Amino acid sequence: MSGWERVAHLDRRWVFLGIALAVIIPVTTRLTVPLGKIAPPTRMLYDYIEAIEPGEPVMFAFDYGPSSMPELHPQAWAMVRHCMSRKLRVISVSLSPQGTALAREVLEGVGEELGAVDGEDYVNLGFKVGALQVIAGMGESIRQVYAQTADGDLTDSLPVMQGVDSYEDIPLVIDLAAGNLPMAWITFAGERYGQNVAVGVTAVVATEVYPYLQSEQLVGLVNGLKGAAEYEKLTGVTGDGATGMAAQSVAHLLIITLVVLGNIAYFASRRRQGTD
């Protein structure tokens with residue numbers, strides 16, 4: 001059997017092992033790859049947050065679940081870390097039932113890393129049912145919609161909520177979502193109440209959201225895992241976005257190589273059969 005015939009009949013278990021190693025090795029070694037030019041929408045959001053005065057509040061909406069964590073969780077870590085490092089107060093809400101737990105992981109993790117205090121520097125208000133009513137209701141009074149936090153503390157009693165009662169008191173809302181909730185934030189918070197809105201979305205949702213960026217209804221957009229890696233590069237802190245991009249790139253390179261070798265092996269075998 002010739003070399004190309006061996007390639008053509010390669011046991012698929014070797015392919016599975018190769019893909020597994022292509023993912024595991026970059027993640028465990030924290031490998032990074034060049035990202036190229038930062039996407040303008042990512043830089044727009046970074047620059048917008050940089051322009052907010054320390055002490056001002058920023059609201060994060062954790063509107064995603066575990067299935068979208070590979071793309072959106074690195075975004076959340078990078079953006080929350082950026083806000084807390086600039087001494088901005090972080091207020092989180094969620095229109096997804098799983099979002100409260102994900103928000104708690106990010107807020108407490110970044111808070112411990114940077115020495116931020118729950119209730120003073122950040123707060124997790126938690127999940128409320130009725131997405132559109134919640135978004136619209138906070139335009140009138142956040143404290144009425146969220147009388148208590150996710151941990152049961154009275155919202156009025158927390159230093160992080162002092163002077164914050166509606167969108168008028170918040171320079172920016174960032175929605176992290178894998179579905180169509182960004183459009184609801186744009187419509188009800190942005191258009192109805194004049195709130196500045198930015199979004200972090202999965203790559204498959206980004207094409208639906210870009211028109212709102214072009215119409216200036218969004219002040220920034222972070223697109224998928226690559227957007228998370230770009231944001232990490234801007235903040236100078238390497239996280240799961242950069243390592244995830246490395247794993248994805250190596251795996252894609254291996255797949256392309258296998259496809260090319262498989263095609264060469266196929267045509268080489270056909271040619272050999274034709275000459276026999």
Side-chain angles (χ1 to χ4, degrees), residues 38 41-64 72-94 99-100 102-126 135 138-139 141-143 145-146 149-151 153 155-177 182 185 189-190 193-201 218-222 227-228 230-237 239 241:
I38 302 294
T42 305
R43 186 173 291 279
M44 286 171 60
L45 177 53
Y46 175 84
D47 291 342
Y48 196 93
I49 292 176
E50 280 287 299
I52 299 175
E53 291 293 328
E56 291 291 320
V58 174
M59 178 177 284
F60 283 83
F62 284 76
D63 294 338
Y64 64 96
L72 296 179
H73 224 42
Q75 292 185 20
W77 277 88
M79 287 187 272
V80 169
R81 184 185 291 111
H82 183 204
C83 289
M84 286 192 186
S85 68
R86 296 204 66 255
K87 305 301 181 183
L88 303 178
R89 290 180 282 167
V90 174
I91 301 168
S92 82
V93 298
S94 179
T100 301
L102 300 180
R104 180 176 287 111
E105 178 185 343
V106 174
L107 294 175
E108 291 181 355
V110 177
E112 182 178 354
E113 177 186 328
L114 299 179
V117 179
D118 188 3
E120 295 182 13
D121 304 305
Y122 66 89
V123 63
N124 183 5
L125 297 182
I135 297 173
M138 288 192 293
S141 176
I142 297 173
R143 299 184 188 189
V145 177
Y146 283 97
T149 70
D151 297 323
D153 298 320
T155 305
D156 278 338
S157 67
L158 300 176
V160 69
M161 293 298 296
Q162 296 305 306
V164 180
D165 191 45
S166 68
Y167 294 133
E168 291 184 357
D169 307 310
I170 299 177
L172 178 65
V173 169
I174 303 173
D175 183 35
L176 299 161
W185 283 100
Y193 290 100
Q195 174 63 55
N196 295 311
V197 178
V199 298
V201 294
L218 290 174
V219 299
L221 185 157
V222 179
E230 291 174 340
Y231 208 95
E232 290 171 359
K233 183 177 180 180
L234 288 170
T235 59
V237 180

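Worth saying up front: this structure is predicted, and the values here are computed from it rather than measured.
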What is the distance from atom [atom1] of [X] to atom [atom2] of [Y], rounded to the nearest 0.5 Å?
X      : Y      : atom1 : atom2 : result
Asp118 : Arg104 : CG    : CZ    : 9.0 Å
Asp63  : Ile135 : CG    : CD1   : 7.0 Å
Met79  : Tyr231 : CE    : OH    : 6.5 Å
Leu102 : Leu107 : CG    : CG    : 10.5 Å
Phe62  : Leu176 : CZ    : CG    : 6.0 Å
Tyr64  : Asp175 : OH    : CG    : 11.0 Å

With Arg81, the salt bridge (charged side-chain N to carboxylate O under 4.0 Å, His left out) member among Glu232, Glu113, Glu112
Glu113
Using every non-hydrogen atom in the two residues, find where [X] and [Y] come nearest and quote the distance to one decimal.
X      : Y      : value
Asp169 : Pro57  : O-CG, 3.2 Å
Val201 : Leu72  : C-CD2, 3.6 Å
Tyr146 : Gly126 : OH-O, 3.0 Å
Asp156 : Arg143 : OD1-CD, 2.7 Å
Tyr122 : Glu108 : OH-CA, 3.9 Å
Val90  : Val160 : O-CG2, 4.3 Å

Test side-chain contact (heavy atoms from CB on, under 4.5 Å) on Ile38 and Lys233 and set out the steps.
CA-CA 9 Å; Ile38 302 294; Lys233 183 177 180 180; 3.8 Å; yes
Show your working on side-chain contact (heavy atoms from CB on, under 4.5 Å) between Val93 and Met59 and close with a plain yes or no.
CA-CA 7 Å; Val93 298; Met59 178 177 284; 4.1 Å; yes
Begin from the C-alpha positions of Ile170 and Met138 and carry the test side-chain contact (heavy atoms from CB on, under 4.5 Å) through to its verdict.
CA-CA 11 Å; Ile170 299 177; Met138 288 192 293; over 6 Å; no
Kindly write out the residues that satisfy ring pair (Phe, Tyr, Trp, His ring centres under 6.0 Å) with Tyr167, not counting sequence neighbours, or none if the list is empty.
Tyr193
Contact check, side chains of Ile91 and Ile142, non-hydrogen atoms, under 4.5 Å:
no
Test salt bridge (charged side-chain N to carboxylate O under 4.0 Å, His left out) applied to Arg89 - qualifying residues, sequence neighbours left out:
none
Show your reasoning for whether side-chain contact (heavy atoms from CB on, under 4.5 Å) applies to Asp151 and Asn124.
CA-CA 8 Å; Asp151 297 323; Asn124 183 5; 5.5 Å; no
Could you pull out all donor-acceptor pairs under 3.5 Å where a side-chain atom in residues 42-56 meets a protein atom, sequence neighbours excluded?
from, atom 1, to, atom 2, distance (Å)
Thr42, OG1, Glu230, OE1, 2.9
Tyr48, OH, Asn196, ND2, 2.7
Glu50, OE2, His82, NE2, 2.7

Report the relative orientation of the aromatic rings in His73 and Trp77; use parallel for angles under 30°, tilted for 30 to 60°, perpendicular for over 60°.
perpendicular
